[in-house]
*Asks:* 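Structure below; questions to follow.
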Amino acid sequence: MSYTKEDILRIAEEENVRFIRLQFTDLLGTIKNVEIPVSQLKKAVDNKMMFDGSSIEGYVRIEESDMYLYPDLDTWVIFPWVTEDRVARLICDVYMPDGTPFDGDPRGILKRNLKEAEAMGYTSMNVGPEPEFFLFKTDEKGNPTMELNDQGGYFDLAPTDLGENCRREIVLTLEEMGFEIEASHHEVAPGQHEIDFKYEDAIKAADQIQTFKLVVKTIARQHGLHATFMPKPLFGVNGSGMHCHQSLFKGNENAFYDESDELGLSKVARYYMAGILKHARAFAAITNPTVNSYKRLVPGYEAPCYVAWSGSNRSPMIRIPASRGLSTRVEVRNPDPAANPYLALAVMLRAGLNGISKEMALPAPIDRNIYVMSEEERIEEGIPSLPADLKEALNEMVRDEVVIEALGEHALSHFYELKEIEWDMYRTQVHQWERDQYMTLY
């Protein structure tokens, strides 16, 4: 839907909207908002709402804190779950007082990288994300427990899948908010779920990921459950990924499709994949941004930990889904749902564009199960591993010029600083595993 200022003011009055949340995203991917009464809506749509940026992770210092929220009018939606004192939402870009975009705004960073693609002739980047999540029971105070809601497995249904009703209500809520839902199902691990929604252009896809997380957590709480997008909440079972299907278009033409190629892939698609593989270790800190992310990226749980591609094999990092024509796309499988979607799409896009601009040679596909290959075999095949932990990923990130350019100096330095603190807190903490392992041994 496209809206004008007049449309929004009229709908707000007709639907008895009382409050509006002006949403934006901090550097770590957390949704933030300023809530205003409907009396301030005209001021908001005129881009006159100011907020204090010094309190937001990765934004600015206290002496340069004044910032403005510029609502994207096409993101207007009324929350279906609030029936009294109705609440609507507008997603905003962040601007400086002088009217320039804020360098550290994740949504703005993605827009800037999309302009790089446009300068190369690619009018849009289409993205189909697949964020997975777990449902845990809550205690009498509403706090999450470690007790799963069910013991179901892949594609199970009720009564084994006890999350079915909650998942169905999430789907209905998303549809009411304008999502086109393609499928929902129980995932491999107990308590794990996936809801797939239709691809969109990159900005809308990232907006939808953020909205999706908010809806999932809100509806789960109404069912007495806690939804988490933590990549690996439980040892010994699959973690949660956020596979990102992506393609570049020139107008209505899919630049990744070539019917004369044996795999139906154009040279552009192959260059793009080569760029993704070239910079994968460097952008992992963005697509897999937490200490916990690297507990998922280990062999044996269907998560890709090796930098390779295949036409069908699911053990490499990139897979080519079977659809062709307008649906030709590459599926990058290593991102997880803890990632800031705006930054994750920005760095993957920039890596792919670098591959296109340099016409990088794509390595041969790996059609064997990489998980069962020995280290010597992987070295012989030239298959690198993704970083083993967050610290290694951060070190790779700050050495890669393409990722540095994609993020910009402000976002890079602040993200690096925040994640160095996270790593140091983890590194110096004494964990229960260490006590169990060493307390009586030494």
Side-chain angles (χ1 to χ4, degrees), residues 1 110 113-114 117-118 120-132 154-155 171 174-175 178-185 187 194-209 211-212 241-277 280 287 302 304 308-335 337 339 341 344-353 355-356 360 362 365-367:
M1 292 287 292
L110 177 54
N113 283 277
L114 287 166
E118 193 172 352
M120 293 173 62
Y122 303 104
T123 53
S124 64
M125 175 195 193
N126 282 346
V127 180
E130 297 177 346
E132 298 166 340
Y154 198 53
F155 279 19
V171 168
L174 290 168
E175 287 185 329
F179 282 66
E180 184 174 336
I181 305 298
E182 296 185 331
S184 73
H185 60 87
E187 258 297 339
E194 180 178 318
I195 298 172
D196 298 329
F197 41 96
K198 189 179 179 182
Y199 70 87
E200 292 285 357
D201 67 85
I203 291 292
K204 188 168 182 180
D207 289 344
Q208 286 189 331
I209 291 168
T211 301
F212 177 81
M242 186 175 71
H243 304 163
C244 290
H245 298 248
Q246 48 201 281
S247 58
L248 296 179
F249 272 65
K250 289 186 172 184
N252 295 323
E253 177 188 341
N254 187 341
F256 281 8
Y257 178 57
D258 181 354
E259 63 180 352
S260 66
D261 180 78
E262 62 176 330
L263 289 178
L265 296 175
S266 68
K267 288 182 179 179
V268 169
R270 292 174 182 273
Y271 296 149
Y272 187 93
M273 284 194 287
I276 294 281
L277 296 175
T287 55
E302 298 185 17
W309 77 281
S310 172
S312 56
N313 181 5
R314 291 175 187 265
S315 62
M317 194 185 109
I318 297 179
R319 184 180 76 91
I320 310 300
S323 299
R324 290 297 179 267
L326 290 177
S327 298
T328 304
R329 61 196 187 274
V330 302
E331 178 189 4
V332 184
R333 297 171 57 81
N334 67 297
L345 295 182
V347 294
M348 286 189 285
L349 172 61
R350 196 59 170 263
L353 293 178
I356 294 170
M360 288 183 186
L362 180 66
I366 303 297
D367 295 324

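Scope of the values below: all heavy atoms of this structure, side chains included, with no hydrogens, waters or symmetry mates.
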*Asks:* Any side-chain heavy atom of Met242 sitting closer than 4.5 Å to one from Ile209?
*Replies:*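 Met242 reaches Ile209 side chain to side chain.
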
*Asks:* So how far is it from Leu362 CG to Lys267 NZ, rounded to the nearest 0.5 Å?
*Replies:*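 That separation rounds to 13.5 Å.
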
*Asks:* Can you tell me how far apart CD (Gln208) and CG (Leu174) are? Round to the nearest 0.5 Å.
*Replies:*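 It is 9.0 Å, given to the nearest 0.5 Å.
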
*Asks:* Identify the two heavy atoms, one from Cys244 and one from Leu345, that lie closest to each other, and give their separation to 0.1 Å.
*Replies:* SG-CD2, 4.3 Å

*Asks:* Which atom pair, heavy atoms only, marks the closest approach of Ile356 to Tyr271?
*Replies:* CA-CB, 3.6 Å

*Asks:* For Pro321, does its backbone N or O pair with a side-chain atom of Arg324 as donor and acceptor, under 3.5 Å?
*Replies:*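 A pair under 3.5 Å: yes.
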
*Asks:* Please enumerate all residues that pass side-chain contact (heavy atoms from CB on, under 4.5 Å) together with Thr211, with sequence neighbours excluded.
*Replies:* Arg89, Ile91, Met177, Phe179, Val215

*Asks:* Under the rule for side chain to side chain donor-acceptor pair (under 3.5 Å), what residues qualify as partners of Gln246, not counting sequence neighbours?
*Replies:*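 Partners of Gln246 under the side chain to side chain donor-acceptor pair (under 3.5 Å) test: Tyr272.
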
*Asks:* Atom CE of Met125 and atom CG of Asp201: how far apart are they, to the nearest 0.5 Å?
*Replies:*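 The distance works out to 10.5 Å.
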
*Asks:* Could you tell me whether the side chain of Val330 reaches within less than 4.5 Å of the side chain of Trp309, counting heavy atoms only?
*Replies:* no

*Asks:* Taking only residues two or more places apart in sequence, or in another chain, which ones meet Thr287 in a side chain to side chain donor-acceptor pair (under 3.5 Å)?
*Replies:* Asn334

*Asks:* Which pair of non-hydrogen atoms, one from Leu248 and one from Leu349, has the smallest distance, and what is that distance?
*Replies:*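 Closest approach of Leu248 to Leu349: CD2-CD1, 3.9 Å.
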
*Asks:* To the nearest 0.5 Å, what is the distance between CD1 on Ile366 and CD1 on Ile318?
*Replies:*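 Spacing of CD1 (Ile366) from CD1 (Ile318) equals 12.0 Å.
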
*Asks:* Ring pair (Phe, Tyr, Trp, His ring centres under 6.0 Å) with Tyr199: which residues, sequence neighbours excluded?
*Replies:*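 Counting only residues at least two positions away or on another chain, Tyr199 forms no ring pair (Phe, Tyr, Trp, His ring centres under 6.0 Å).
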
*Asks:* Please enumerate all residues that pass salt bridge (charged side-chain N to carboxylate O under 4.0 Å, His left out) together with Arg350, with sequence neighbours excluded.
*Replies:*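 Testing Arg350 for salt bridge (charged side-chain N to carboxylate O under 4.0 Å, His left out), a comparison that skips the adjacent residues, returns Glu405.
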
*Asks:* Can you name the salt bridge (charged side-chain N to carboxylate O under 4.0 Å, His left out) partners of Lys250, sequence neighbours left out?
*Replies:* none

*Asks:* Please give me the minimum heavy-atom distance between Thr328 and Phe256, naming the atom from each residue.
*Replies:* CG2-O, 3.5 Å

*Asks:* Any side-chain heavy-atom pair from Leu277 and Met360 closer than 4.5 angstrom?
*Replies:*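 Side-chain contact under 4.5 Å: no.
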
*Asks:* Do Leu263 and Arg270 make a side-chain contact, defined as non-hydrogen atoms from C-beta onward lying under 4.5 Å apart?
*Replies:*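 Heavy-atom side-chain distance check passes, below 4.5 Å.
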
*Asks:* Got a sec, which residues hit salt bridge (charged side-chain N to carboxylate O under 4.0 Å, His left out) with Glu253, two or more places apart in sequence or on another chain?
*Replies:* none

*Asks:* Quick one: list whatever passes side-chain contact (heavy atoms from CB on, under 4.5 Å) with Glu182, sequence neighbours left out.
*Replies:* Lys198

*Asks:* Is it true that a side-chain atom of Ser247 and a backbone atom of Ala255 form a donor plus acceptor pair closer than 3.5 Å?
*Replies:* no

*Asks:* Would a 4.5 Å heavy-atom cut-off, applied to side chains only, mark Arg329 and Ser323 as touching?
*Replies:* yes

*Asks:* Show the nearest heavy-atom pair for residues Arg333 and Pro316, with the distance to one decimal.
*Replies:*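 Distance-wise, the nearest heavy atoms are CD-O, 3.8 Å.
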
*Asks:* Minimum heavy-atom separation for Val332 and Pro335, please, with both atom names.
*Replies:*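 Shortest heavy-atom contact: O-CD, 3.4 Å.
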
*Asks:* What is the distance from atom CD of Glu200 to atom OG of Ser124, rounded to the nearest 0.5 Å?
*Replies:* 11.0 Å

*Asks:* Do Pro131 and Phe197 have side-chain heavy atoms sitting under 4.5 Å apart?
*Replies:* yes

*Asks:* Tell me every residue that passes salt bridge (charged side-chain N to carboxylate O under 4.0 Å, His left out) with Asp196, counting only those two or more places apart in sequence or in another chain.
*Replies:* none

*Asks:* Going by the rule side-chain contact (heavy atoms from CB on, under 4.5 Å), which residues pair with Asp258 if we only count those two or more places apart in sequence or in a different chain?
*Replies:* Ser260, Asp261, Ser266

*Asks:* Looking at residues at least two apart in the chain, or sitting in another chain, which of them share a side chain to side chain donor-acceptor pair (under 3.5 Å) with Glu130?
*Replies:*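 Side chain to side chain donor-acceptor pair (under 3.5 Å) check on Glu130 returns His243, His245.
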
